[in-house]
Each structure stands twice: as structure tokens, then as C-alpha cells.
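Below is one structure; the comments refer to it alone.
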Number of protein chains: 2
Amino acid sequence: MKLGTQRSDDRDGRLVVVSHDHSQVADASAVAETLQDALDQWDETAPRLEALYSALNEGRAEGARAFRAEAMAAPLPRAWQWLDGSAFPSHGALMQRAFKMPPIESDLPLMYQGMSHQFLGPREDVPFPTEDDGIDFEGEFGIITDSVPMGISAADAMAHIKLVVQINDWSLRTLAPIEMKTGFGWIQAKPACSVAPVAVAPHALGNAWQEGRVCLPLEVTWNGEAFGRPDGREMAYGFHELIAHAARTRSLAAGTIIGSGTVSNQDHRAAGSTCVAERRGIEMIDHGAPRTGFLSFGDRIRMEARSPEGAPLFGALDQQVVRA
Amino acid sequence: MKLGTQRSDDRDGRLVVVSHDHSQVADASAVAETLQDALDQWDETAPRLEALYSALNEGRAEGARAFRAEAMAAPLPRAWQWLDGSAFPSHGALMQRAFKMPPIESDLPLMYQGMSHQFLGPREDVPFPTEDDGIDFEGEFGIITDSVPMGISAADAMAHIKLVVQINDWSLRTLAPIEMKTGFGWIQAKPACSVAPVAVAPHALGNAWQEGRVCLPLEVTWNGEAFGRPDGREMAYGFHELIAHAARTRSLAAGTIIGSGTVSNQDHRAAGSTCVAERRGIEMIDHGAPRTGFLSFGDRIRMEARSPEGAPLFGALDQQVVRA
């Protein structure tokens, strides 16, 4: 099953089912007005959405119309909770080595609470106040849960992963270390994220969904040039383990989004990166100084993970960075 | 003007106006169903809520009924954003001195993004998985904004402070330093906060609202015994400055709640504290080791800030800590 949110006058948009090949959408508001509404009653709505998805794929859905990325919002244009992990060990290790940062000593998953009142859609411009803040992208996978009780085990958490998404966690690198040094996490360095238009049920990922990980390369281009395509497989913790970590002392509301952190592989040189900071780290190690600058206004970042056969899964994020 | 949210079948409760002396409430759903709805259209709803508040105080409100703290939820039972500052320098200085923590070097306000999908009401039990986590309270003041544009100045931010609230930021002290050390801020150490039942318009605080600060003692008792009553005056930054800090690279959604951090005064010995951690810090300095333990299941924490004349303002938080 594939779901999306069409932009509308309502801030939460309007729920649609997206056909398997991303050619068509069908209005799902007879089942639930919004994706949040669907998640709030998932046991009841999911079978009906699955039925609508089948009908759409078989050409039986009434009022089906063409899928247009421009008409789509983020699947959840706002969410009650956004928790971002940093689950790829190669990312942290590289940054520490390159920039001589002290190693982060933690036996637990790394995770911060991010702003969740706004997620940008796949074609929306991304506004920043100044280029001086070190504008960067972070390609990630993420999941959306239904309601999760406090204290859940990782094994039990797996069944609460209802949808898988693809995220760009925009980051401001000049501000990030200043905030990180306080121990309080990030406010200014982590403005609104973007989310690709199609949220996919885990089973619809087939073999690409393994042990709570999206085992697919995330392909990133910067102004049309290839930048990286590391694979989501190398997470130190699966998403079910990230849920259990988050729910240790709190329940999670339906519609909680949890991110993987920057997708990164041990073999950086073959895979490339999903953020500029990591490429700068490699340059630091190779040449003693970074050579690649951060983003400028007008730059365009495209991110997409496709199936091994090249079929669309989450749709593409394709956005321009602009002055706020 | 004083507003509150009555518990109902809806998760966001039902908006009520509270009389100046907290004796009565009047249903405000003819103006806005919920406080979030009212904040979303504040320019339109605020004058009508003010008129209802006047009518209630003058005995002219239809359907007025007795105020009961047990019937109240947090003013926003869930919010799109919760940003908590740490704006009382004496708190940080004491913790660093007592526990030999490295000083936090920051020219900017300290702030973290907290969980906002649940705020407990003033009489709700507070569930934790285990006493071993070092259960503690933190007495705070906070404000609620309407929609704030990115890049706002502190001076302009003042007008976006629509309501003032009183908060208990429940904290788990065994987990906090582990998470803080990563630089990512807190997840497990900061579960749901509680908010006192009455949200007060800044002008209704009279002289107690000065330079974006609540200049009133916050009185805390632990199982009925006096624990502290430090004053909110000593914030290093006013709430307008905290808004400007938060909005440097993001817009803030209407209904954003910003906290002061643990209320703390330079003269700890006279004022006492609003969290156990600070008292333990003083004991550490005085005796070489903390003497006061953290909370046990069944303990009751009460917090209330009243006017200089002893009149109620925010109502009281009075809650029991229980096993989840």
C-alpha cells in the first residue's frame, strides 16, 4: 500500500492512495480525511485503504486521476512528534576522525527530538535566512508509527511500523556544533525537514525491508550531478529498536515519525554521501581541508530511493534552496 | 483574561474561560472549540474571549459553573511545539559547581526541543516505569505564542506572547547526563510535562509581568512540606528573547509553548529550589554528598504561583507520581 497527502486549503492536506507505479492517485477521504486521521484509527482504516489501493492498481477506483508531485504535500504536513536517530555508525566515525571531534560514547541509539510542526512537500522551496549558516542536506529513511505504549520491546515495536518514508533533514552546519556543545541538542541548526510524497507500507517494500531497515540505495544529486547513493542497510539499530528506545519513558502518539539519521556506508568512496558535511570530512582526511562548500541559494537537491528493478517507491524529493 | 481546557472525549478538550478568582468557568466553544483553535485565529477570537471573561466576572455569562481543578486538562493537552529554555543562570552555575560539570559555554539562550504530543493536566497521576531513573520535578513558567514568523526580533516577539502558563517539567536524573553527553539533548530523560490549569494573558498579570518575565515566587511542596519558592524574575533572557532565539531559522506554529527552565535564584538558601537536583547540589557543596533522594511512587508534588496579594493566577499543579 502507498499513501500520500494532496495539498489543500487544510494544513493537513487530503489523504490519497497512490498507485504502485505512481501514475495515479485516488481520493481516500471516504476512509479518512487526512493521514493523521487514518493513523489514529489504523486497525480500522488500513484494510479499507489497502482495498482502495488494490482497486486503484486494477483500474477500478472511482475518480482516479494522474499523480502530480507538485500537488503533493509531505505525507504528514505536520506531526505530533519527530524523533531523528543517527543510526549509521560510519557517519559518526567519519565526522569524528575528520574533524577531531571527541567520540560520542553511547551504548544506546543516538536520537534527538526535532521540530514537527512543519514538514515541507517534495517540490516546495526550502527557505533559509542566510547562506552563511552552512546549508546542508541529510538523506534519510524514516518510519511512521501508530500509537505505541510506553516500555514496549523492540520485538513488539516492529508491528507498530505502519509506513516507511524518505526524508531530507535540512541542517545548518555553522550552527550545529555550537548547539551540540551545550548538550541540549539542536534548535536553530535543524529547521523543517522535507518528506518524499509517498509513504509505503513496509510489506510493499518486499525484500528491501529487512530487520527494520530499508535495504536500498538513496540516490542524491546536487544541481543534477551525482553526489552519493549509500544503502540504508548499514543501520546499527533497526527502526523497531529506535522505537523501543524512544518509548522507554513515554508513549508515542500515532503519527510519530522516526528517522534513521544520514544514510552512510563504511565504503564512503564507492557509495558517496547523503550530506555535504560527510564529503567535507573525506576531503579533510584526504587533503587536510574541505574543498566542497555548503549550499547556495538557487541550488537544487534531488533524493530518491527506487526498487532494485528501478521502480518508484517513495517518489522523489526535488527542491530548491531559497532565501527566506 | 484567563483560559483553560476542560477534559472531554476529545483529546484537545474543550475551551473554557476561567473567572479572575477561579471560582467559575464558562464554556467558550461558541468562540473556539479548543485553545488551539483560538490561538490559530487569535486576532479574531481574543476580543470575544475577553468579552466572555468580563461577562463571567460580572456574573453575566450564561451557563457559568463551578471551576473544578479535577475537570481540567493542561491548557493545551497536546501542542505542535514545546521548546524549553534554561534561562536561570543560578541553576546552571550551581549544578556545575556541585557536580563538577564542565561549564556550558554559550552566548545564546540554552534551549531544547521537548516532546509536545502530551501534556498532563493539573491533577493527573504522573506515570514512570521505575523509581531507579531518578524521578525529579522542575518548576517553570512558560508562554504560549500565536504564529511567529522566522527571523523575528526580540522586540517584535513580545507581542506574540499571548498566554502565560506554569509548568512542571518532569525529569529523570539518572538518564539525563547520559543523554546530555551525546550532545543530542534529551529523549528518555524528558517525558511528558504537566501544565497548571489556567493560562493567563500577560496583561492580566499586572506588575508581575515585566520585561517578558513572570516576577512571582513559584511555591513548591513535596508531600505537603515546603521545598522552595524562588522568584521568576532572575531569567537571563526574557521570553521574548527566547522566542527570537527559537525563530532564528524557523517559523513557530500558533500554540508553541516555550519554557523558562527550572526557576532558580542566586540566593538558593533563602529561596529554596524547584527541583530536587538543585537541592542535592547544595547538599553536595555543604556536606560533600547529596542527602535528599529523588521521588518515590506515591509522592505528591504541588506547585503554585500566586499574586503578591495571594490571589490565584495559574491554579495549582498537584499530582502524584505513580508506577506506569
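By convention in this document, chain letters (A, B, ...) are assigned in the order of the sequence lines, proteins followed by strands, and residues within each chain are numbered from 1. Just so you know, these numbers come straight off a predicted model, no measurement behind them.
Each of B:Gly114, B:Pro127, B:Ser106, B:Gly151 has some count of heavy-atom pairs under 4.5 Å with chain A, and the biggest count is that of B:Gly114. Counting heavy-atom pairs closer than 4.5 Å to chain B, the top residue among A:Ala324, A:Gly185, A:Gly183 is A:Gly183. The residue among A:Asp40, A:Leu252, A:Ile178, A:Asp107 with the most heavy atom pairs within less than 4.5 Å of chain B is A:Asp40. Interface summary for chain A: among B:Leu108, B:Ile104, B:Asp84, the most heavy-atom pairs under 4.5 angstrom belong to B:Ile104. Contacts with chain B were tallied for A:Ala192, A:Pro102, A:Ala246, A:Ser251; A:Ser251 has the most, counting heavy-atom pairs under 4.5 Å. Taking A:Lys181, A:Gln81, A:Met111 one by one and counting their heavy-atom pairs under 4.5 Å with chain B, the maximum is reached by A:Met111.
B:Asp133 touches chain A through its side chain: at least one heavy atom from C-beta onward sits under 4.5 Å away, while N, CA, C and O do not. Only the side chain of A:Met150 has a heavy atom closer than 4.5 Å to any heavy atom of chain B. Contact of B:Ala247 with chain A is not made at all, since no heavy-atom distance falls under 4.5 Å. Proximity to chain B involves both the backbone and the side chain of A:Thr182, based on heavy atoms less than 4.5 angstrom apart. No part of B:Thr256 comes within reach of chain A, as not one of its non-hydrogen atoms sits under 4.5 angstrom from that chain.
Interatomic distance, A:Cys275 SG to A:Phe294 CZ, rounded to the nearest 0.5 Å: 8.5 Å. With rounding to the nearest 0.5 Å, the separation of NE2 in A:His245 from CD1 in A:Ile243 is 12.5 Å.
With a 6.0 Å radius and a threshold of 12 heavy atoms from other residues, nucleotides or ligands, B:Gln41 has its CD atom at or below the threshold.
Screening A:Glu278, A:His91, A:Glu138 for a side chain to side chain donor-acceptor pair (under 3.5 Å) involving A:Ser264 leaves a single residue, A:Glu278.
The two residues A:Glu234 and A:Pro89 come nearest to each other via the heavy atoms O-CD, 3.5 Å.
Taking the six-membered ring where the residue is Trp, the centroids of B:Trp186 and A:Tyr112 are separated by 6.0 Å or more.
A 4.5 Å side-chain heavy-atom check between A:Val321 and A:Trp170 finds at least one atom pair inside the cut-off.
Both tests do not hold together for A:Arg280 against A:Phe99: distance to the six-membered ring centre under 6.0 Å, angle to the ring axis within 45°.
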